[in-house]
Structure formats: structure tokens, C-alpha cells
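The structure appears right after this line, and notes come after that.
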Number of protein chains: 2
Amino acid sequence: MLQAATELAAAQGFETCGLREIAARARVSPAMISYYFGDREGFGEALYKRAFERVSARVKLLVDAPGFAERDGLDELVSLHVAALTADPWLPKLIASELLEHGASPLRSRLFRDLTRGPLMAMIGWLEDEQGAGRLRQDVDARWMAISIASLCTFPFLILPIVGEELGLASGPGFAEKLVAQTRHFLADGLRARTEVSR
Amino acid sequence: MLQAATELAAAQGFETCGLREIAARARVSPAMISYYFGDREGFGEALYKRAFERVSARVKLLVDAPGFAERDGLDELVSLHVAALTADPWLPKLIASELLEHGASPLRSRLFRDLTRGPLMAMIGWLEDEQGAGRLRQDVDARWMAISIASLCTFPFLILPIVGEELGLASGPGFAEKLVAQTRHFLADGLRARTEVSR
DNA sequence: GCAATAATCGAACGACCGTTTAATTTCCCG
DNA sequence: CGGGAAATTAAACGGTCGTTCGATTATTGC
């Protein structure tokens with residue numbers, strides 16, 4: 001039931017798909033959703049909670065993988081971000097949907113508190129550590145760094161299904177790797193031509 | 001009427017606000033919308049057409065401003081992008097809303113064709129020219145450059161109203177300038193600390 | 001095996017939506 | 001001024017949505 005809802009929400013967003021549709025896909029009656037989750041909002045909350053926990057578990061898995069600490073921090077951060085979004089391709093859409101939603105529903109508030117206080121704050125803290133260690137430039141606010149990194153890693157997932165075809169950029173399985181490579185490149189050296197190579 | 005709809009759509013997105021609500025704000029009866037625009041889709045089309053034309057006009061104004069060609073191309077590109085989004089703050093939301101919408105409505109298709117074939121293609125073409133002139137690095141696909149620039153300039157508008165408060169970053173009038181500065185910095189040199197300065 | 005309880009369903013309810021219709025007002029021009 | 005066209009409206013229609021209700025079926029504990 002939650003699985004069916006997740007699939008549907010991934011494809012078209014939670015707000016736009018009706019409870020009847022979800023119930024039909026889960027092969028149950030629409031009344032079951034009210035029975036188990038109370039109302040639509042409670043159902044959505046359960047859905048998002050499950051999603052967030054799945055992503056958290058996946059991130060933890062990657063961070064705890066052997067050899068993680070030895071590799072380059074910035075590169076791994078990018079990989080981690082992209083990997084999390086790739087594993088659950090509906091996540092960017094879900095986040096974006098809620099970004100656009102207005103009126104402070106408790107669900108929405110909680111999701112964003114979780115996201116900002118959790119991954120985002122961790123990322124900023126880590127960036128500041130790297131700045132302190134001299135591995136990242138110190139003339140840029142770590143919070144802005146985090147926003148830029150998140151932008152580079154997230155926004156392409158949103159627009160590529162749309163503009164990718166017209167641009168000749170496939171959004172298939174190789175996309176994530178290309179995105180990681182491009183973003184690493186970009187983060188390291190910018191886009192301008194230069195004579196001296198960094199580091 | 002279109003004005004009222006634009007204000008409302010800017011605040012909460014076109015898909016989520018009812019025709020009755022728009023009509024009430026414009027102080028007319030809901031029937032007027034059907035009378036003048038046929039159905040909801042026709043109304044949305046008119047709305048988007050007006051929005052796109054307004055943005056186009058504004059961009060043209062900036063490009064035609066005196067001294068534009070003399071200034072640094074990449075910096076101006078960023079300024080232009082951010083200025084277009086700042087002048088109509090609902091534009092990112094509008095685009096994002098439509099990005100998330102599914103089912104190929106003619107409106108949606110047209111909006112994206114306009115956006116990709118217009119500004120995006122122009123940007124890619126210009127980036128390629130700059131690459132050819134040696135001012136931009138040539139080991140990165142111009143299409144990926146364009147995606148990265150668009151990501152850096154657009155995504156912050158989406159997330160800052162949400163995470164800005166918690167991060168202590170105000171989304172007020174100074175935001176656009178900060179974003180431009182940060183993005184220029186970033187595009188030029190990346191984020192890594194370096195000993196040799198570019199160019 | 002049999003109550004008691006949980007799970008499930010089809011049908012119906014009320015609310016809201018976009019749209020239509022029929023009637024009324026406003027406007028303009030001969 | 002008057003009559004026909006355009007503009008505007010309130011009310012109603014059909015449809016979909018989330019939700020509830022009464023009844024039916026499955027599960028469980030003893």
C-alpha cells in the first residue's frame with residue numbers, strides 16, 4: 001500500500017494523485033487508507049516518513065562503507081548526494097513538490113526540518129571543517145557552498161527529463177556518473193580556462 | 001484578470017488555485033474566465049504566454065542596455081539569469097510546477113520548447129563560442145556547462161525561502177546580489193583552495 | 001468450533017471543482 | 001432614444017475527491 005503510493009507519487013507527485021488511484025494500484029479499497037492512516041494527511045506523513053528513513057539508511061550505508069574516510073571528501077560528498085537521489089529517483093520530485101506547496105502543513109514543516117537540520121547542516125559543518133583545514137577556499141561562506149553543491153547535484157535531476165531529449169543528453173543509467181564527474185570537475189576548478197592548474 | 005491570476009499563481013502555483021479563487025480576486029464571476037478563455041487550459045496558456053513574453057522583453061532590455069557587450073560575458077550571463085528570475089519571482093516556481101506536472105499538455109510542451117529552444121540554446125551557443133575563443137575550458141561539454149549554470153542560478157530561488165531562515169540567510173532584496181557574486185566566484189575558480197590564481 | 005475482534009468492501013455523502021446555461025445588465029450606434 | 005450586441009452574473013450541472021457508514025468476510029484466542 002505504501003509501496004504503491006510511493007511508486008505513484010514518484011511518477012506524478014503525491015499531491016496530484018487521488019486516493020482511489022493509489023488504492024486501485026495497491027489492489028485494496030479506498031476506504032482502507034482512511035482505516036489505517038486516518039486521513040489523507042496522515043497517509044502522506046507516513047509516506048514521507050518511510051521515504052526519509054529509507055534515504056537516511058542508504059546514506060548511512062554509504063558513509064559506513066569501508067574506505068570512505070580515506071577518499072577525497074569533496075568528491076565523496078558529491079557522489080553521496082547523487083547516489084542518494086539516484087537510488088530513489090522520486091526524491092527530487094518529492095522535495096520539489098513540497099517546496100512548491102504552500103501553507104505550513106505539519107508534514108511539510110517536518111520534512112524540511114529533517115532535511116535542513118540533518119543532511120544540510122552536516123554538510124555545512126563538514127565544509128567548515130575543510131575550510132579550517134585549508135582544503136577549501138575560505139573566502140566563501142560555507143552555507144553558500146552547500147547551497148551551490150546542492151543546486152548542482154539536485155537541479156539537473158529535475159530538468160533533464162525535460163530538456164535532455166532536446167539537448168541530446170540521455171537521462172539513462174549513465175547520467176548519474178556523468179553528473180558526478182561534471183560536478184566534481186566544476187567544484188574543483190570552475191569553468192574558466194586557466195593556465196595554472198589547481199593543487 | 002490575468003494580473004490577479006499571475007499574482008495568485010506566483011504565490012501558490014497555478015495548478016493548486018481554483019478558478020473561483022482567481023475570479024474572486026479579480027472581482028469578476030468565475031464564468032468570465034470560461035467566457036474569455038474557453039476552458040482552464042486556455043486560460044493557463046494565456047497566462048503563461050503573457051509571463052514568457054514579459055520575461056523575454058525584460059531580458060531583451062538588459063541585453064540591449066548600453067555597455068552590455070563590453071562587460072565580461074560569463075559574469076553578465078549570470079547577472080542576466082538572476083535578474084530575470086528576480087524581476088518575476090514566481091517564474092522559478094512556475095517552471096518548477098510545470099516540471100513536476102506530468103502528462104503532455106500542449107501548454108507544458110510549448111513552455112518547455114520555448115525555454116529550451118530559446119534561452120537555453122542561446123546560452124549553449126554562446127558558451128561554445130567562448131570555448132572556441134579560449135575563454136572557457138574546452139574539456140567540459142557546453143551543454144553540461146549550461147545545466148550547471150542554470151542549476152546554480154535557479155535552484156537557490158527554490159530552496160532559500162525554506163532553508164534560508166534556518167540557515168540565517170535572508171531571502172530579502174540583497175539575496176540576488178549575493179547569489180550573483182557567489183555564482184560568479186564559483187564559476188571562475190571552483191571551491192577548492194588553490195595557490196595559483198586563474199587566468 | 002465459536003464468539004469476538006480485526007480487516008475489507010461497496011455504496012453513499014458532502015464538498016469542491018470547472019463548466020454551462022439562461023437571464024440580466026451594460027454598452028454602443030443608427 | 002431605443003434596440004441589438006456584448007458583457008456579466010447567479011444558479012445549476014456533472015464529475016471527482018476524501019471520507020464515512022453499514023454490512024460482510026477473514027482472523028484469532030480460548
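Below, read A as the first sequence line, B as the second, and so on, with proteins coming before strands; counting in each chain starts at 1.
A/Asp39 places its CG atom 16 Å from the C1' atom of C/dG14, with the value rounded to the nearest Å. Rounded to an integer number of Å, the gap from A/Ile22 CD1 to D/dT19 P is 11 Å. For B/Leu19 and D/dT8, the CG to P distance is 16 Å, given to the nearest whole Å. In this structure, CZ of A/Phe43 is placed 15 Å from P of D/dC17, rounded to the nearest angstrom. B/Glu15 has its CD atom 17 Å from the C1' atom of D/dC17, to the nearest Å. What separates CZ of B/Arg20 from P of D/dA11 is a distance of 12 Å, to the nearest Å. The CD atom of A/Glu41 sits 14 Å away from the C1' atom of D/dT19 (whole-angstrom rounding). Put simply, CD1 on B/Ile33 is 13 Å from C1' on D/dT8, counting in whole angstrom units.
OP1 or OP2 of C/dT8 has not a single side-chain nitrogen or oxygen of A/Tyr35 nearer than 4.0 Å. Between C/dA6 and A/Tyr36, no contact under 4.0 Å exists linking OP1 or OP2 to a side-chain N or O.
Comparing A/Arg27 and B/Ala31, the nucleotide of DNA chain C nearest to each residue sits closer to the 5' end for A/Arg27. Between B/Met32 and A/Gly38, the residue anchored nearer the 5' end of DNA chain D, judged by the nucleotide with its closest heavy atom, is B/Met32.
In B/Arg25, the CZ atom is crowded: over 12 heavy atoms of neighbouring residues, nucleotides or ligands sit closer than 6.0 Å.
Checking A/Arg50 against A/Gln3 by side-chain atom types alone, a donor-acceptor pair falls below 3.5 Å.
Ring to ring, B/Phe175 and B/Phe157 are close: their centroids are under 6.0 angstrom apart.
Between A/Phe186 and B/Phe186, the ring-plane angle classifies as parallel under the 30° and 60° cut-offs.
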